[in-house]
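Worksheet: one structure, shown below.
All values below come from the heavy atoms of this structure, side chains included, with hydrogens, waters and symmetry mates left out.
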Amino acid sequence: MPFDTALDNARAAFVALRDTDESAALCHLFFAERQAAQVAGLERVSPRSIQSVGIVGAGTMGSGIAAAFLAAGIPVRLTDLQPEALDAARERIAGFLAKARDPASLTIVGAVEDLADCDLLLEAVFEDMAVKSELMARLDRIAKPGTILASNTSYLNLDKLATATSRPEAVVGLHFFAPAHVMKLLEIVRGAETSPVVLKTALALGRRLRKVSVVAGVCEGFIGNRIYNAYRAECEAMLMDGALPQEVDRALETFGFAMGPFAVSDMSGLDIAWANRKRRHAAGEYKGQDVPVLEWLVEAGRLGQKTGAGWYDYVEGNRRPGAIVQTLIERAREGKAPNTLSEENIQRRALSAIINEALLVLEDGIAQRASDIDLVLVNGYGFPRHLGGPLFWASRQPLEQIRSTLAEIMPVRPGNLSHLSNGSIVP
C-alpha cells in the first residue's frame, strides 16, 4: 500500500491499543514502579556504600540470593550453619550464574565469624524464630560498626528479630522471592527502629540488583504473604463447599494467574505451609476456616512435587488429580452434599479474598500506597500483569458485586471499599 496509508493505519492501530484496559493497567504498573521508591523522610538521606555482602544460608534460597548479588557485581562471602550444605552451594550458584556477564567473586567460608568485615550481613536460614534470633545475635556480635543486619524472613516479626541485637536501627528485612536470582520482587521490610539511612541503603541495593523494590511494614507475612494466605485460605474453604483442587486451579489460571494455588502449594512444599499454619494456630493468629485436608496430606507423606504427590499426583513429571485427595476432601466435608461452584464463582470468591486483605494491608499502614500492593502481587505472586494488580483491577469492577461477594464469604474484618473509588489506586 502507499507509504502514507501505511502510516495512517499504524497510527490508528496505536490509538486503538493505547485506549485499551490492558494499556491502562500496564501504564499503571510502569508509574507504580517509579513511585514505590519514593519514601517519605528519605529525600535528603544518602545511602551507605555496600562493597561486600556476607550471607548465612547456602540452600536454594541463600544460593539464589548470593547469585543475585554476584550478578550485580557485589562480592559475596557465603557460609551455612550446616557445613555440609556448602559442598553443593558453589556448583549451584555457578549454574545460576551461567549466563551472567562478569559476576563478582564468591568466597565460601567455614564459619559465621569469617563474615565479620562485610558491609551487609544477611541471614537466609530456616524460617524459625529461635534459629533466626540466635543467628541475628551472633551476627551482631561480629559485625563491624556501620554494618547492616538483614533478614530474609518471609513471615516472622522483624522487630522481634531486631531485639536479639544491640543495634535494632541497623536491622532491615530483605525478603527475596524464589528463585531469588530470577524473581523481580524484593520486599524491603522496615522495622519500628530501622534507621532512614539503612532503609535508603536497602532501596539503593534493590536498584543495583535490578529488583522491583517495595517497602513494607511489620506484620505476619508483610504485604505479599499476608494477602496470599487469605487467598489460599479462601481457596481451601471452597473445597469444603464443593470444589476440587483442579477446578479451583483451572478457574484461576483461566483468569490469568500463571499457576493456581494448589499447584503452587505442591511446588513450594506442603510441609512448609503446614508448619507455618501450626505456628499461627499456636499463636492464635490463624483466622481461616479449619480445613484439615492439608494436615492429612502431610501426615500421609504427600508433601508436593518433591515426594511425587501432594494435592496432585506426579507421574513422570505430569500433574494428575489424586483419587486419595478427593477421598480426604469428602471425609472433611463430613457427608455434606457438595454444591457445584462455577468457574465464575470460584474466581469471584478468590479475588474478593485478595482484594479484602489488600485493603486491610493498606488501612493498617503495612503498605505505603495501593499501587505498591499491585506491584507485589504482580511481580511476586503471578497476578496477571495485563490486569494491573488486584486493587487496580478491583477499582474498575462494579463495587456492589465485590461487596456482595465479601458478604457471602463473611470476612472476619471487611476492608473499606471506598479506597477503590476515591482515586487512590492510580499513582
Side-chain angles (χ1 to χ4, degrees), residues 50-128 131-132 135-136 138-139 142 149-154 174-187 205-206 208-211 258-259 263-272 275 303-310 314 316-319 379-380:
I50 301 297
Q51 300 299 322
S52 61
V53 172
I55 299 175
V56 183
T60 302
M61 175 57 81
S63 295
I65 295 172
F69 281 109
L70 293 168
I74 303 172
V76 170
R77 288 190 179 188
L78 178 68
T79 191
D80 197 279
L81 299 179
Q82 305 295 328
E84 59 271 18
L86 295 170
D87 294 339
R90 189 184 298 276
E91 184 176 349
R92 185 186 297 119
I93 293 170
F96 290 162
L97 293 173
K99 296 183 179 180
R101 181 181 299 177
D102 298 325
S105 61
L106 169 68
T107 304
I108 304 289
V109 298
V112 172
E113 287 67 27
D114 295 327
L115 308 179
D117 60 347
C118 293
D119 300 319
L120 181 144
L121 298 179
L122 184 145
E123 68 79 15
V125 297
F126 185 70
E127 191 78 354
D128 178 89
V131 174
K132 287 183 180 287
L135 178 56
M136 290 295 286
R138 190 174 173 185
L139 294 175
I142 68 165
L149 305 178
S151 171
N152 183 52
T153 181
S154 53
L174 294 179
H175 178 207
F176 290 81
F177 288 71
H181 62 296
V182 174
M183 293 290 283
K184 290 186 65 179
L185 180 64
L186 175 64
E187 271 188 319
L205 267 179
R208 288 179 69 182
L209 297 173
R210 304 184 72 177
K211 301 291 187 184
M259 296 175 69
V264 170
S265 186
D266 272 0
M267 183 174 67
S268 59
L270 272 63
D271 51 336
I272 296 173
L303 307 183
Q305 289 185 17
K306 61 189 174 185
T307 59
Y314 294 87
E316 297 180 354
N318 296 315
R319 187 177 78 199
N379 289 287

How close do [X] and [Y] get, heavy atom to heavy atom, and via which atoms?
X: His175; Y: Ser154; value: NE2-CB, 3.1 Å
X: Phe177; Y: Met61; value: C-CE, 4.2 Å
X: Val112; Y: Ile142; value: O-CD1, 3.2 Å
X: Ala68; Y: Ala180; value: CB-O, 3.9 Å
X: Gly206; Y: Leu186; value: CA-CD2, 4.0 Å
X: Asp266; Y: Leu270; value: OD1-CD1, 3.1 Å

For [Y], does its backbone N or O pair with a side-chain atom of [X] as donor and acceptor, under 3.5 Å?
X: Thr79; Y: Val109; value: yes
X: Lys211; Y: Met183; value: yes
X: Arg208; Y: Ile74; value: no

| Identified side chain to side chain contact (heavy atoms under 4.5 Å, CB included) partner of Leu149 from the options Leu121, Leu120, Leu122 | Leu121

Would you compute the distance between atom [atom1] of [X] and atom [atom2] of [Y] and round it to the nearest 0.5 angstrom?
X: Ser265; Y: Leu303; atom1: OG; atom2: CG; answer: 10.5 Å
X: Glu187; Y: Leu174; atom1: CD; atom2: CG; answer: 11.0 Å
X: Phe126; Y: Ile272; atom1: CZ; atom2: CD1; answer: 7.5 Å
X: Ile55; Y: Ile65; atom1: CD1; atom2: CD1; answer: 6.0 Å

| field | Val182: partners by side chain to side chain contact (heavy atoms under 4.5 Å, CB included), with sequence neighbours left out | value | Pro179

Side-chain heavy atoms of [X] within contact of [Y], under 4.5 Å:
X: Phe96; Y: Leu70; answer: no
X: Phe176; Y: Leu209; answer: yes
X: Thr153; Y: Glu127; answer: yes

| message | Filter on salt bridge (Lys or Arg N to Asp or Glu O under 4.0 Å), then keep only pairs touching residues 98-125, sequence neighbours left out; what's left? | response |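 Qualifying pairs, neighbours excluded: Arg77-Asp117, Glu113-Arg138, Asp119-Lys144, Glu123-Lys132.
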
Please tabulate, for side-chain N and O atoms in residues 82-95, each donor-acceptor pair with protein atoms closer than 3.5 Å (sequence neighbours left out).
from	atom 1	to	atom 2	distance (Å)
Arg92	NH1	Ala58	O	2.9
Arg92	NH1	Ser63	OG	3.1

